[in-house]
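Here is the structure we will look at, set down as structure tokens.
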Amino acid sequence: MQQSQLFKLAMKIFTKIFVSIFYIGYIKFASGTWGSLAAIIILYPCIKFTLLSFQSLIIVFMILFFISNLSINFFSKFTNSNDSKHIVIDELLGIFIILIFYDFIFIYNDFITLILIFFVFRLFDIIKLFPANYIDKNFKNGYGVMMDDIIAGIYTILTLIIINVFI
């Protein structure tokens, strides 16, 4: 096997692992739900116990966002698909944006807060309120795949802040 073919094969394997969050996206039933759960399990300890500042977390998010865009576009090209069910890195980004604002949405204890994050995020991700529905239908690239989940994350943040005001 030539070196360029070996490199392409390695990139395809890495991309599959990355966009599917270690093949979570290949679970046959409700891959987005499993991806959201995996994202919380992976990201919560990283963000809860980090020494990174709010600004640093935003920078990490942006870097991950651009790497994800490239990876989703590459995955879509070699699988000849658009917004494949196997892609769940977008759920990770949606959860990531929520957890960056964790201190503002914390309700009673970590367990209740994480359960609310999971269910409210999944609700908004499934129903796709404007502009998420528009982006999902009209942007057929990595940004379109990710932005509806990031918008669902922003709606989740706003919802949990509102809940916090009334509790």
[Y] and [X], any side-chain heavy atoms less than 4.5 Å apart:
X    : Y    : value
F78  : T15  : yes
K12  : F74  : yes
F104 : L160 : no
S56  : S53  : yes
I13  : I17  : yes
L99  : L114 : yes
L93  : D149 : no

Report task. Decide if the gap between the ring center of F101 and the ring center of F54 is smaller than 6.0 angstrom. Result -> yes

Query raised in the report: Please walk me through it: do N141 and V145 pass side chain to side chain contact (heavy atoms under 4.5 Å, CB included)?
Result: CA-CA 6 Å; N141 57 26; V145 171; over 6 Å; no

Is there a path of hydrophobic side-chain contacts, each under 4.5 Å between heavy atoms of I, L, V, M, F, W or Y residues, that connects [X] with [Y]?
X    : Y    : answer
I115 : V120 : yes
Y108 : F118 : yes
Y102 : F111 : yes
F7   : F75  : yes
I167 : F119 : yes

Over all atoms of both residues, closest heavy-atom pair of [X] and [Y]:
X    : Y    : result
I89  : S68  : CG1-OG, 3.4 Å
S71  : V19  : CB-CG1, 3.7 Å
I58  : I100 : CD1-CG2, 3.9 Å
I117 : T156 : O-CG2, 4.1 Å
F121 : G94  : CE1-CA, 3.8 Å
I72  : G142 : CG2-CA, 3.7 Å

To the nearest 0.5 Å, tell me how far [X] [atom1] sits from [Y] [atom2].
X    : Y    : atom1 : atom2 : value
L64  : M146 : CG    : CE    : 9.0 Å
I163 : L158 : CD1   : CG    : 11.5 Å
K16  : F22  : NZ    : CZ    : 16.0 Å

Requested in this report: Mind jotting down which residue pairs meet the side-chain hydrogen bond (donor to acceptor under 3.5 Å, both in side chains) criterion with at least one end in residues 20-29? Sequence neighbours excluded, please.
Outcome: none

Query raised in the report: Which residue pairs satisfy the side-chain hydrogen bond (donor to acceptor under 3.5 Å, both in side chains) criterion with at least one member in residues 158-167, sequence neighbours excluded?
Result: none

Query - Partners meeting side chain to side chain donor-acceptor pair (under 3.5 Å) with N73 (sequence neighbours left out) - result: N69

Query - Counterpart residues, side chain to side chain donor-acceptor pair (under 3.5 Å), relative to K128 (two or more places apart) - result: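 Residues passing side chain to side chain donor-acceptor pair (under 3.5 Å) with K128: D125, D148.
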
Query raised in the report: Counting heavy atoms not belonging to N80, are there more than 12 under 6.0 Å from its CG?
Result: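 Counting neighbours around CG of N80, 12 or fewer heavy atoms of other residues, nucleotides or ligands fall under 6.0 Å, so no.
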
Query raised in the report: Do other residues, nucleotides or ligands put more than 12 heavy atoms under 6.0 Å from K140 NZ?
Result: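 Yes, the 6.0 Å shell around NZ holds more than 12 heavy atoms from other groups.
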
Requested in this report: Decide yes or no on side chain to side chain contact (heavy atoms under 4.5 Å, CB included) for I151 and F130, but give the supporting numbers first.
Outcome: CA-CA 9 Å; I151 291 166; F130 183 83; over 6 Å; no

Requested in this report: Sequence neighbours left out, what passes side-chain contact (heavy atoms from CB on, under 4.5 Å) with S31? Give chain and number order.
Outcome: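 Scan of S31 (side-chain contact (heavy atoms from CB on, under 4.5 Å), adjacent residues dropped) gives K85, V88.
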
Requested in this report: Using side-chain contact (heavy atoms from CB on, under 4.5 Å) as the criterion, list what pairs up with I27, not counting sequence neighbours.
Outcome: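 side-chain contact (heavy atoms from CB on, under 4.5 Å) list for I27, sorted by chain: I24, W34.
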
Query raised in the report: Can you list every pair that meets ring-ring contact (aromatic ring centres under 6.0 Å, His included) and has a residue in residues 137-167, with sequence neighbours left out?
Result: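 Non-adjacent pairs meeting ring-ring contact (aromatic ring centres under 6.0 Å, His included): F65-Y143, F124-Y155.
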
By the salt bridge (charged side-chain N to carboxylate O under 4.0 Å, His left out) test, which pairs, at least two apart or in different chains, include something from [range]?
range           : answer
residues 87-109 : E91-R122
residues 63-73  : none
residues 57-79  : none

Requested in this report: Identify, with sequence neighbours excluded, every residue that meets ring pair (Phe, Tyr, Trp, His ring centres under 6.0 Å) alongside F96.
Outcome: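 Checked F96 against ring pair (Phe, Tyr, Trp, His ring centres under 6.0 Å); matches are F61.
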
Requested in this report: List the steps, then state whether side chain to side chain contact (heavy atoms under 4.5 Å, CB included) holds for I87 with S76.
Outcome: CA-CA 9 Å; I87 299 171; S76 297; 4.2 Å; yes

Requested in this report: Please check if the side chain of D136 supplies one atom and the backbone of A132 the other of a donor-acceptor pair under 3.5 Å.
Outcome: no

Per-pair distances, 0.1 Å, donor-acceptor, side chain in residues 41-51, under 3.5 Å, sequence neighbours excluded:
| residue | atom | partner | partner atom | Å |
| --- | --- | --- | --- | --- |
| Y44 | OH | D110 | OD1 | 3.4 |
| Y44 | OH | D110 | OD2 | 2.7 |
| T50 | OG1 | L52 | N | 3.0 |

